[in-house]
There are 2 protein chains.
Amino acid sequence: MTTARRDTYTPETLLSVAVRVFNERGYDGTSMEHLSKAAGISKSSIYHHVSGKEELLRRAVSRALDELFGILDEEQARTGRAVERLEYVVRRMVEVLIAELPYVTLLLRVRGNTVTERWALERRREFDHRVAELLKEAAGDGDVRADVEVRLATRLVFGMINSIVEWYRPDGRGMGAREVADAVVQLAFGGLRKAGAARG
Amino acid sequence: MTTARRDTYTPETLLSVAVRVFNERGYDGTSMEHLSKAAGISKSSIYHHVSGKEELLRRAVSRALDELFGILDEEQARTGRAVERLEYVVRRMVEVLIAELPYVTLLLRVRGNTVTERWALERRREFDHRVAELLKEAAGDGDVRADVEVRLATRLVFGMINSIVEWYRPDGRGMGAREVADAVVQLAFGGLRKAGAARG
DNA sequence: CCTTGTACCGACCGATCGTTCGGTTACTCT
DNA sequence: AGAGTAACCGAACGATCGGTCGGTACAAGG
């Protein structure tokens, strides 16, 4: 609920303020009054730039979804051995999560109360499904363990990746996207236990 | 927003209805009117059983937190090699998450808008810290990989575990807590990649 | 029969919700 | 100079918010 000032607003610059507040207070917990205070303009002025609260949400989750689906179109996500493509997608997901942190954060928190939220949930499921197919293919190649169900493994790896939005903060001297992506790939593919000490 | 009926309500039975609705619509997105419809009694009658909306939240997150902290007091979480205690705690966390699914779900979605929510966040951080110490100890024993920071690894494993509330549904013929716990332990400690195919 | 207490209710409270409306200011284009 | 427009504002809209109030129905206990 800090107060910001800009020369003049565009829908995009207003969106960046709104998304920050949405993430701090939750979408439902944020009133247009909160947004106007944070943006430094009056409540009614917000309607000069966007049609309403829900448009802000729609723009935000669209941006996040576009970036995520974009990963699947990249060269290294489309060619090569499935397990390598999967590793690439996991790494890129982490990078996109961090590059578009507030937008992806908002996307991952939608509950489904409005049409916009339900649409976002559906597109998320579609993305998850695409990645699950990649893992399934890698399992078919014999490159990933067969003793954990593909669907379950996908969900758990997604859980690991998506949790980044709950703690990552880009404050200067912290770690970068690359380091986090390395850690996620090493943990997701290699596990916690020291290499060579297999059991269970 | 289905309509339920009970003989008469106690704070506890009312809580179970409220928590269900909170999880469906989000805490902020749930009005007392929503709760009254779901409980099948009038809005004012709710105040006969509890002091208000926030008490329902407080009761719910307290229950979840008590169960989680209870894990750390159990015999197998206190004695033995650190890596074994850690594995036990991870397994029990999954079991508690599933046994108390709606309550833990609500706990994990708290944002910090009210005093109750901030208190819940603080206790969560304390629990996370206790588990992080366990992982640190296991790293000191040389039982877990040293190439991923302890703090980061803790967060990622928590992310994997906590994500269960986003997809697990206890519908009859699905998998049980035991199976999910097995999968989490295998993935968290052993990773996706087939044993013996180490790299990176 | 009468009191007491539990479980509940409809009507209502002031506050706040997302949104609309009728302006005003200031800059650009001709 | 005058017209047009982008950016903004305060005041107010009906709806809904969490919560309060004075009451009723009813069962139990004496």
Side-chain angles (χ1 to χ4, degrees), chain A residues 1 3-61 106 110-118, chain B residues 1 3-61 106 110-118:
Chain A
M1 256 241 284
T3 318
R5 246 307 167 192
R6 238 177 205 71
D7 205 17
T8 72
Y9 276 108
T10 65
E12 284 70 30
T13 57
L14 186 59
L15 179 63
S16 74
V17 174
V19 168
R20 202 193 67 228
V21 183
F22 284 158
N23 284 330
E24 281 169 12
R25 314 185 56 98
Y27 177 72
D28 284 318
T30 302
S31 70
M32 295 305 276
E33 189 69 40
H34 290 137
L35 292 185
S36 90
K37 288 282 194 296
I41 61 176
S42 77
K43 215 169 49 151
S44 53
S45 294
I46 295 175
Y47 291 88
H48 177 69
H49 301 288
V50 293
S51 70
K53 195 181 174 184
E54 196 158 358
E55 183 187 335
L56 288 165
L57 180 65
R58 182 165 38 78
R59 279 175 180 267
V61 298
L106 196 54
V110 304
R111 304 280 342 126
N113 291 341
T114 65
V115 283
T116 298
E117 296 186 47
R118 283 186 287 274
Chain B
M1 256 246 277
T3 316
R5 248 304 169 192
R6 239 181 203 66
D7 207 15
T8 73
Y9 277 109
T10 65
E12 283 71 31
T13 57
L14 186 59
L15 179 63
S16 74
V17 174
V19 168
R20 201 194 66 228
V21 183
F22 285 159
N23 284 330
E24 283 169 9
R25 313 185 58 96
Y27 177 73
D28 284 318
T30 302
S31 71
M32 295 304 277
E33 191 68 39
H34 290 136
L35 292 184
S36 90
K37 288 282 193 295
I41 60 176
S42 76
K43 208 171 57 154
S44 53
S45 295
I46 294 175
Y47 291 88
H48 176 70
H49 300 289
V50 293
S51 70
K53 195 181 173 185
E54 196 159 357
E55 183 186 336
L56 289 166
L57 180 64
R58 182 165 36 78
R59 280 176 181 267
V61 299
L106 197 53
V110 150
R111 304 270 359 117
N113 292 341
T114 66
V115 283
T116 298
E117 295 185 49
R118 283 186 287 274

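Below, chain A is the first sequence line, B the second, and so on; all start at residue 1. Keep in mind it's a predicted model, so treat the numbers as computed, not measured.
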- Sequence-aligned protein contact record of nucleotides 18-28 of chain D, with B where the base is within under 4.0 Å of a protein heavy atom and S where only the sugar-phosphate is: BBBB-------

- Message: Between B/Y9 and B/I41 (side chain of the first, backbone of the second, donor and acceptor by atom type, cut-off under 3.5 Å), is there such a pair?
- Response: no

- A/L35 has an atom CG; how far is it from atom P of D/dC9, in whole Å? 14 Å

- Interatomic distance, B/D7 CG vs C/dA7 C1' [rounded to whole Å]: 11 Å

- Check the distance between D/dC17's C1' and B/N113's CG and give it to me in whole angstrom. 15 Å

- Query: Under 3.5 Å, side chain of A/H48 to main-chain N/O of A/S45, donor-acceptor pair present?
  - Reply: no

- Message: Using OP1 and OP2 only, check whether a side-chain N or O of B/H49 sits under 4.0 Å from C/dC8.
- Response: yes

- Tell me: CG of A/L14 to P of D/dA6, nearest whole Å? 17 Å

- Item | Within residues 39-55 of chain A or reaching into it, pairs that qualify as salt bridge (charged side-chain N to carboxylate O under 4.0 Å, His left out) - sequence neighbours excluded | A/E55-A/R59

- Note on the structure: In this structure, CZ of A/R20 is separated from CG of A/L106 (nearest 0.5 Å) by 13.5 Å

- Hey, is the side chain of B/S45 poking within less than 4.0 Å of OP1 or OP2 on C/dA7, counting only N and O atoms? no

- Query: Are any of B/H48's side-chain N or O atoms less than 4.0 Å away from OP1 or OP2 of C/dC8?
  - Reply: no

- Task: With the side chain of B/H34 defined as its heavy atoms from C-beta on, choose the nearest nucleotide among D/dC17, D/dG10, C/dC9.
- Result: D/dC17

- Task: Give a yes or no on whether the backbone of A/S31 and the side-chain of A/H34 come within a donor-acceptor separation of less than 3.5 Å.
- Result: yes

- Sorted by chain and number, sequence neighbours left out, salt bridge (charged side-chain N to carboxylate O under 4.0 Å, His left out) with A/R111 holds for none

